[in-house]
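First listed ligand is number 1; within each ligand, the first listed atom is number 1. Reckoned from all heavy atoms, side chains included, excluding hydrogens, waters and symmetry mates.
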Amino acid sequence: MPILYANEYPRALPLVNESHIRQTAEILLALTGRTESELSILLVDDMRMSELNNTWRHKDGPTNVLAFSLTEGEDLVMAGNLLGDIVISIDTAAREAAKEKSSLHQCLDLLLVHGFLHLIGYEHEKSDAEAERMTKKERDMLQQLKTKRSEPMIRLAVNVDHVATLREARGIREPDPVLAAGICELAGAEGIVVHLREDRRHIQDRDVRLLRQTVKTKLNLEMGANSEIIKLALDVKPDMVTLVPEKRKELTTEGGLNVIGQKKKLKDVIRQMNDAGIPVSLFIDPDPGQIAAAGTIGATFVEIHTGRYSDASREEEREHEFALIAAAAEKAFEAGLRVNAGHGLNYVNTTRVASLASIEELSIGHAIMTRAIYVGLDQAVREMLALMT
Ligand code: PXP
C-alpha cells in the first residue's frame with residue numbers, strides 16, 4: 001500500500017515526523033481493507049492552502065485539511081489504485097494543536113482520518129445525519145488507530161561485540177561473532193550491532209566485512225568519529241552507523257555524545273555518510289539540549305543512552321532516569337528524528353523502555369550474551385523478544 005508523501009511546507013519549523021504520518025496512512029488503509037490502494041499526502045503552509053481552498057472550494061483563507069477523491073467521477077479510470085490526495089496545512093494544524101493542548105502529531109492524525117473519510121465517501125456537509133455519521137466514524141477510527149499503534153512494533157538489535165571479546169581473550173578463531181549474528185537473526189532479532197573500536201579490542205575489520213555480506217536484517221556499525229574508521233565505514237557501507245564517543249581506557253561506552261559541543265565535526269561526518277547513502281544515529285544522553293542539537297545537524301536517528309536508568313540502584317533514581325528517557329524520546333520524535341535506545345538493558349528493566357511508543361529499536365548486547373552462556377544464544381534472544389512484546 002504505497003503512500004505518496006510530499007512535504008512542501010516551505011519553512012523549517014514546526015517539524016513533522018514522516019514515518020508517523022506514513023504509518024497512520026497505512027493503518028487507515030489496512031483498517032478499511034484497502035491495502036491495495038495508494039494514498040497521496042501533501043503537507044503545505046497556510047498560503048498554499050488558501051490558494052487551493054479558493055481554487056477548488058471558492059472560499060477565502062486557509063483550512064486545516066482538503067481531500068481530493070480520485071475514485072469519483074471521470075477521474076476513476078485514470079486514477080488506477082490511487083484513492084486520492086489529502087492536503088494538510090501544517091500552520092493551521094499547529095494552531096489547532098496549541099488550542100486543543102494536544103501534540104502536532106495527534107492533530108495530524110485527526111486531520112488524516114477526517115480527510116481519509118472524505119476520500120472513501122463520507123460527507124459531513126450533505127446533511128445533519130451524514131455529519132453525525134461521519135463524526136461517529138471519525139471517533140471509531142481514531143480509537144482503532146490508537147489501539148493499533150499501541151501494539152508492539154519495537155525491534156531488537158543484538159550487539160554481538162562480546163562474542164568477539166571472548167574470542168580475543170584467547171587470540172584464536174572461536175567463538176565467531178559472524179556465526180552468532182546469524183543465530184540472533186534466526187531467533188528473531190531484526191538487527192545486528194557491532195562496535196569497531198580504535199583499539200580493536202573485540203570486533204575486527206574482518207568481522208565487519210563478513211557481517212556486511214551475511215547479515216540479512218540490518219547491520220548497524222557503532223563507531224567513534226575517527227578518520228580511519230570513517231574510511232572503513234564508507235567502504236563497507238553498513239545499513240546505518242551509530243556515532244558514539246570513544247575513550248581508549250573505558251570498559252564500555254560511558255556517556256552520550258556531546259553534540260552541542262561538536263556540531264560542526266559531527267555534521268561533517270553525517271554529511272559524508274549520507275552522501276554514501278548511510279543513515280546516521282547519534283548516541284546521546286536523555287538531555288533535551290542534546291536532542292535539539294541532534295535535530296539540527298542532519299542525523300536520521302538518535303539512540304538514547306539508557307545506562308543511568310539501567311544502573312540506578314534506588315527506585316527514586318530509576319524513576320527519575322526513566323522519566324528523562326521518556327521525555328527525550330518524545331522530544332526527539334516530535335523533532336522528526338527516529339528513536340532508538342540502549343545500553344545496560346537487561347531481562348528486568350527492558351519491558352518498560354520497550355513500552356515507550358516513540359522508540360523503534362533497542363540495542364542490547366551484554367545481558368543477552370551473559371544469558372546465552374546459561375541457556376544458549378537462540379533462547380536468550382527469544383526470551384528478550386518476549387519481554388519486549
Ligand atoms: N548502544 C551503544 C551505543 C553501546 O555502545 C552499547 C554497548 O556496546 C550498547 C547499546 C549495548 O549495551 P549493552 O551491551 O549494555 O546491552
Could you list the atoms of ligand 1 found under 4.0 angstrom from a heavy atom of [X]?
| X | answer |
| --- | --- |
| Gly344 | 12 (O), 13 (P), 15 (O), 16 (O) |
| Glu303 | 1 (N), 2 (C), 3 (C), 10 (C) |
| His366 | 13 (P), 14 (O), 16 (O) |
| Val244 | 3 (C) |
| Asn159 | 8 (O) |

Original post:
Looking at Tyr309, does the NZ or CZ of Arg318 lie under 6.0 angstrom from its six-membered ring centre and within 45 degrees of the ring axis?
Top reply: no
Can you pull out the closest protein heavy atom to [atom]? Residue, atom name and distance to 0.1 Å, please.
| atom | answer |
| --- | --- |
| atom 6 (C) of ligand 1 | His343 CD2, 3.5 Å |
| atom 11 (C) of ligand 1 | Ser363 O, 3.8 Å |
| atom 5 (O) of ligand 1 | Glu222 OE2, 2.5 Å |

Subject >> Close side-chain approach of Asp285 to Gln290, heavy-atom, < 4.5 Å >> reply: no
**OP:** Find out whether Met273 and Pro279 are in side-chain contact, i.e. whether some heavy atom of one side chain is under 4.5 Å from a heavy atom of the other.
**Re:** no
Original post:
Remaining members of Met240's ILVMFWY cluster at a side-chain heavy-atom cut-off under 4.5 Å?
Top reply: Phe301
Output yes when the distance from some N or O of ligand 1 to some N or O of [X] is under 3.5 Å, and no in every other case.
| X | answer |
| --- | --- |
| Gly365 | yes |
| His162 | no |
| Thr242 | no |

Original post:
Would you find a donor on one side and an acceptor on the other, under 3.5 Å apart, between the side chain of Asp91 and the backbone of Asp46?
Top reply: yes
Original post:
For Thr217, does its backbone N or O pair with a side-chain atom of Glu185 as donor and acceptor, under 3.5 Å?
Top reply: yes
Subject >> Plane angle bin for His366 and His162 - parallel if under 30°, tilted between 30 and 60°, otherwise perpendicular >> reply: perpendicular
**OP:** Decide whether Leu142 and Ile21 are clustered together by the hydrophobic rule: side chain heavy atoms of Ile, Leu, Val, Met, Phe, Trp, Tyr closer than 4.5 Å, transitively.
**Re:** yes
